[in-house]
2 protein chains.
Amino acid sequence: MVVVVLSKAGVYGLRAATYLAMQPSDEYVPISNIADDLRISFHFLTKVLQSLTQVNMLKSFRGPKGGVTFARPVAEISVYDVVVAIDTDSMFRECILALPGCSDQSPCPLHADWQQIRKRVRTLFKETSLADMAAQVKTKKLRLSDIGPSMLKS
Amino acid sequence: MVVVVLSKAGVYGLRAATYLAMQPSDEYVPISNIADDLRISFHFLTKVLQSLTQVNMLKSFRGPKGGVTFARPVAEISVYDVVVAIDTDSMFRECILALPGCSDQSPCPLHADWQQIRKRVRTLFKETSLADMAAQVKTKKLRLSDIGPSMLKS
DNA sequence: TTAATTTGAGACCAATTACTCTTAAATAGC
DNA sequence: GCTATTTAAGAGTAATTGGTCTCAAATTAA
Ligand code: FES
Ligand code: FES
């Protein structure tokens, strides 16, 4: 596929990051907890979250009482950071017609309009922090898994 | 992949449809011509364009002097029509976090914003006709293949 | 020190998407 | 009728993505 806003890995990563942002910031949370609560495959999620630890967004700790936690305040981490770490930023750079060298200098017939739209997506992702995401889920009881609003462990 | 604006098939279909919209509307154009000019695999493009003939957007004709041509005026066919015929409209319906049942009634934390953005994409696609696309390429000499502006057969 | 718990790394398998190839059917022109 | 040209249909293959599994390494606690 060519013009992809989010891959499955990106989706799982974002959901997990939001979930983790809802937890006390000083505790390591086992990936198995996240996977269980969000109904995501534990092994797959482990691999996805590794791309976040590799860019030092998460820190991890092995062994009993281990898990993952954010390396910096969730108010300072944006959806964009998460998505790009997992899926790269190609969606924000590449031509919607998949022509090489998307730019204002060599535009395709949709370039001007697509440019605007993807800028909006970028702005949305950049201006939404994981703290915002977590707050939405908590205060407005929005859903983060397929099991309805806040059947999460509360 | 989960949130996909355009698949490769969708991209090829759109490029080919735009190319075809640049040709005289009363002639059948062989798919091999389109494939050659746009540097797309002939067999793959054939299959992609079949989804357009199957929804009666294109009509086709076999044999010598055969090919494909639009079944109605290109001013009346939108980018949206082409994209949906090839890729379905799932991008305009499904949750960006891939949660089941995207709607204002059971929103995820990104729903309100994502709703707006995909509505814009939808509007762009719906309001851009293939005649518009063709005119852009012709009058502004924008590119439609990877070989620079209008090295198409002119 | 041993056993249990947890992430890390990567091999492996499955599913989906992208692409190719072969054969058939329709049509034109000789 | 015969041959060449073209789309139709679909089987088959390759590449990418999604997902599983195994084993190693780190850490805790008994
Ligand atoms: S979106 Fe096509 S060239 Fe930029
Ligand atoms: S975009 Fe997530 S519920 Fe609509």
Side-chain angles (χ1 to χ4, degrees), chain A residues 1-16 20 23 27-36 38-71 83 86-88 90-91 94 98, chain B residues 1-16 20 23 27-36 38-71 83 86-88 90-91 94 98:
Chain A
M1 280 157 174
V2 157
V3 186
V4 175
V5 178
L6 279 177
S7 70
K8 210 100 194 270
V11 164
Y12 289 160
L14 234 194
R15 287 202 223 163
L20 194 57
Q23 312 304 320
E27 299 181 357
Y28 283 94
V29 178
I31 296 174
S32 53
N33 288 11
I34 309 176
D36 289 351
L38 297 183
R39 267 55 170 187
I40 301 173
S41 148
F42 164 72
H43 286 291
F44 191 42
L45 184 57
T46 296
K47 205 156 57 162
V48 169
L49 293 186
Q50 274 170 22
S51 17
L52 299 185
T53 62
Q54 277 156 12
V55 298
N56 297 309
M57 178 184 299
L58 293 177
K59 51 187 177 182
S60 66
F61 204 79
R62 299 189 209 192
K65 307 288 173 189
V68 293
T69 193
F70 286 101
V83 168
I86 297 170
D87 280 344
T88 83
S90 68
M91 131 99 193
E94 290 176 5
Chain B
M1 280 156 171
V2 158
V3 186
V4 175
V5 178
L6 279 176
S7 70
K8 211 99 195 272
V11 164
Y12 289 160
L14 234 194
R15 287 202 222 164
L20 195 57
Q23 313 304 319
E27 299 182 356
Y28 283 94
V29 178
I31 297 174
S32 53
N33 288 11
I34 309 176
D36 288 350
L38 297 184
R39 267 55 171 188
I40 300 172
S41 147
F42 163 71
H43 287 291
F44 191 43
L45 184 58
T46 296
K47 205 156 59 163
V48 169
L49 293 186
Q50 273 170 23
S51 16
L52 300 184
T53 61
Q54 277 156 12
V55 297
N56 297 311
M57 179 185 299
L58 293 178
K59 51 188 177 181
S60 66
F61 204 79
R62 299 190 207 192
K65 306 288 172 190
V68 293
T69 193
F70 286 102
V83 168
I86 297 170
D87 279 343
T88 84
S90 67
M91 131 98 194
E94 290 175 7

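These figures come from a predicted structure and were not determined experimentally. Computation of the quantities below employed the complete heavy-atom set of this structure, encompassing side-chain atoms and omitting hydrogens, waters and symmetry-equivalent molecules. Chain letters run A, B, ... following the sequence lines, proteins first, then strands; residues in each count from 1.
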What is the nucleic acid contact for B:L49, judged by heavy atoms within less than 4.0 Å: base, sugar-phosphate only, or nothing?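 No contact.
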
Under 4.0 angstrom between [X] side-chain N/O and [N] OP1 or OP2:
X	N	value
A:S60	C:dG8	yes
B:Y12	C:dC19	yes
A:K47	C:dG10	no

Measure from CG on A:N33 to P on C:dT5 and round the result to the nearest Å. 13 Å

Atom CZ of A:F42 and atom C1' of C:dT7: how far apart are they, to the nearest Å?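 One finds 7 Å between C1' of C:dT7 and CZ of A:F42, rounded.
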
Set of side chain to side chain contact (heavy atoms under 4.5 Å, CB included) partners for A:A9, sequence neighbours left out: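 A:A9 satisfies side chain to side chain contact (heavy atoms under 4.5 Å, CB included) with A:S7, A:F44, A:V48, A:I86 once adjacent residues are dropped.
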
Quick one: list whatever passes side chain to side chain contact (heavy atoms under 4.5 Å, CB included) with A:Q50, sequence neighbours left out.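 Applying side chain to side chain contact (heavy atoms under 4.5 Å, CB included) to A:Q50 gives A:T46, A:T53, A:Q54.
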
For DNA chain D, which nucleotides open and close the run of contacts to chain B, 5' to 3', at under 4.0 angstrom from a non-hydrogen atom? D:dA4 to D:dG18

Name every residue in residues 50-58 of chain B that has at least one heavy atom under 4.0 Å from any atom of DNA chain C, in order of residue number, or write none if there are no such residues.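 Hits under 4.0 Å, by residue number: none.
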
B/S/- contact track for nucleotides 21-30 of chain C, protein heavy atom under 4.0 Å: BB--BBBS--

Quick one: side-chain hydrogen bond (donor to acceptor under 3.5 Å, both in side chains) pairs with a partner in residues 55-66 of chain A, sequence neighbours left out? none

